[in-house]
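First the structure, in the form of structure tokens, and then the observations on it.
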2 protein chains.
Amino acid sequence: MGPRTVEKHVHKDEAWERVRRYLAQKGLRSTGQRDLIIETFLAASGHINAEELTRAVKRRNRGVGAATVYRTLRLLSDCGVAVARTFGDGEKRYEVEDHDGHHDHLICESCGTIVEFEDDEIEALQDAVAKRYGFRLSRHKHELYGLCRKCIS
Amino acid sequence: MGPRTVEKHVHKDEAWERVRRYLAQKGLRSTGQRDLIIETFLAASGHINAEELTRAVKRRNRGVGAATVYRTLRLLSDCGVAVARTFGDGEKRYEVEDHDGHHDHLICESCGTIVEFEDDEIEALQDAVAKRYGFRLSRHKHELYGLCRKCIS
DNA sequence: GAACGCGCTGAGAACGATTCTCAACAGCCA
DNA sequence: TGGCTGTTGAGAATCGTTCTCAGCGCGTTC
């Protein structure tokens, strides 16, 4: 778990760096609410939705409004720190964008657990499919739904 | 294009058969609006959203209400004739469910074209991934986003 | 083929998630 | 310290979808 933790810290710093650059470039400001929301988002285990994030933020500062959370989430999407994904049932969730190394998801339809995976062979085959149809790929989404180990038994 | 056309007719008949059985089993009725909406949905090229379908239906019968279109779309999902999918930007679209053979999508981010593809090797690798994480899969979603041949030039 | 029961329908209200509006507020530069 | 401009919270507005309800029409019964 050691290296994993270090990695996460690196990602966090990268994320803040991105935010900082974006704000500066656009002439936007850094504020208490903004920082709190971003901090909370980055600390969350990923795959959080707007309502959950709002609740988490309010737990630390009751005064923050939902609108500000939505605004910040959009800001994070715009600067490439967060990505929105809509999973199976139409639930929109945000996760920290992974800039080096793409991952996809295994989703348990019973308990809602979301596991991330990476598979280079699949990625290679995707490129082959794209080539076959004359597409130039920019991104993809690959989600496997089913039951996790715990829910099978 | 010959065989392709025949295939589509077979799928249409299968779809109607499914609807018929479902209505009978649930003690539901067949009505003019219902038939018109289903007919229009099956005739559409797939990947249609509720609003587009409503417009198409109203073109043939102005009186049909949006609520009825939504109700019928739900009915079609319930009986396994249609499946709802949410593509990249959060747009919810419906397509005719393919009962023998699964397909995935290539989506052009510029013109919106959606191409279907099948790849057995990828499917096999998916199963391997699931096994690795102790999941039992029931379904999956695989979408490749980029530019189609036309939009590259 | 008339009558009846119950499912179906359209219109508009209601809903949940998200975005917008606006007046008050707060960074940041001079 | 002002003052310019970006930011904020609250609530209104919007969007897509579902619900409600009174009236309509399918299909069965006699």
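The sequence lines fix the lettering, A, B, ..., with proteins before strands; numbering per chain opens at 1. For the numbers below, each heavy atom of this structure counts, side chains included, while hydrogens, waters and symmetry mates do not.
In this structure, Leu75(A) places its CG atom 15 Å from C1' of dT19(C), rounding to the nearest Å. Rounded to whole Å, atom P of dA14(C) lies 19 Å from atom OH of Tyr70(B). Counting to the nearest Å, the C1' atom of dA26(C) and the CG atom of Asn61(A) are 15 Å from each other. Look at CZ on Arg74(A): it is 14 Å from P on dT8(D), rounded to the nearest Å. With rounding to whole Å, Lys58(B) atom NZ is found 9 Å from dG10(C) atom C1'. Straight-line distance from the CG atom of Leu36(A) to the P atom of dT8(D): 11 Å, rounded to whole Å. Taking atom CD on Glu91(B) and atom P on dG16(D), their separation rounds to 9 Å, with Å as the unit. Rounded to an integer number of Å, the gap from Leu23(A) CG to dG6(D) C1' is 11 Å.
Residue-to-nucleotide proximity on DNA chain D shows that, of Glu51(B) and Ser30(B), the 5′-proximal contact is made by Glu51(B). Residue order along DNA chain D, read from the 5' end via each residue's closest nucleotide, puts Gly63(A) first among Lys92(B) and Gly63(A).
Nucleic acid contact for Ala66(A): none, since no nucleic acid atom lies under 4.0 Å from a heavy atom of the residue.
Here the two rings, on His103(B) and His105(B), have centers that are under 6.0 Å apart. The ring of His47(A) has its center no closer than 6.0 angstrom to the ring center of Tyr94(A).
Considering only side-chain N and O atoms, Thr31(B) lies under 4.0 angstrom from the phosphate OP1 or OP2 of dT9(C).
Between Glu14(A) and Arg18(A), none of the side-chain N atoms (NZ, or NE/NH1/NH2) sits under 4.0 Å from a carboxylate O, so this pair counts as no salt bridge. We find that Lys12(A) and Glu39(A) are joined by a salt bridge, their nearest charged nitrogen and carboxylate oxygen being less than 4.0 Å apart. Glu17(A) and Arg20(A) are joined by a salt bridge, as a carboxylate oxygen and a charged side-chain nitrogen come within less than 4.0 angstrom of each other.
Here dG11(D) is the nucleotide among dG6(D), dT8(D), dG11(D) with the atom lying nearest to any side-chain atom of Ala67(A). Distances from the side chain of Ala50(A) to the nucleotides dG9(D), dT18(C), dG10(C) place dT18(C) closest.
Counting distance only, with no hydrogens placed and no angle test, the side-chain atoms of Arg71(B) and the base atoms of dG10(C) include a donor-acceptor pair under 3.5 Å. Contact of Arg29(A) with dC28(C) (side chain to base): no donor-acceptor pair of N or O atoms is detected under 3.5 Å.
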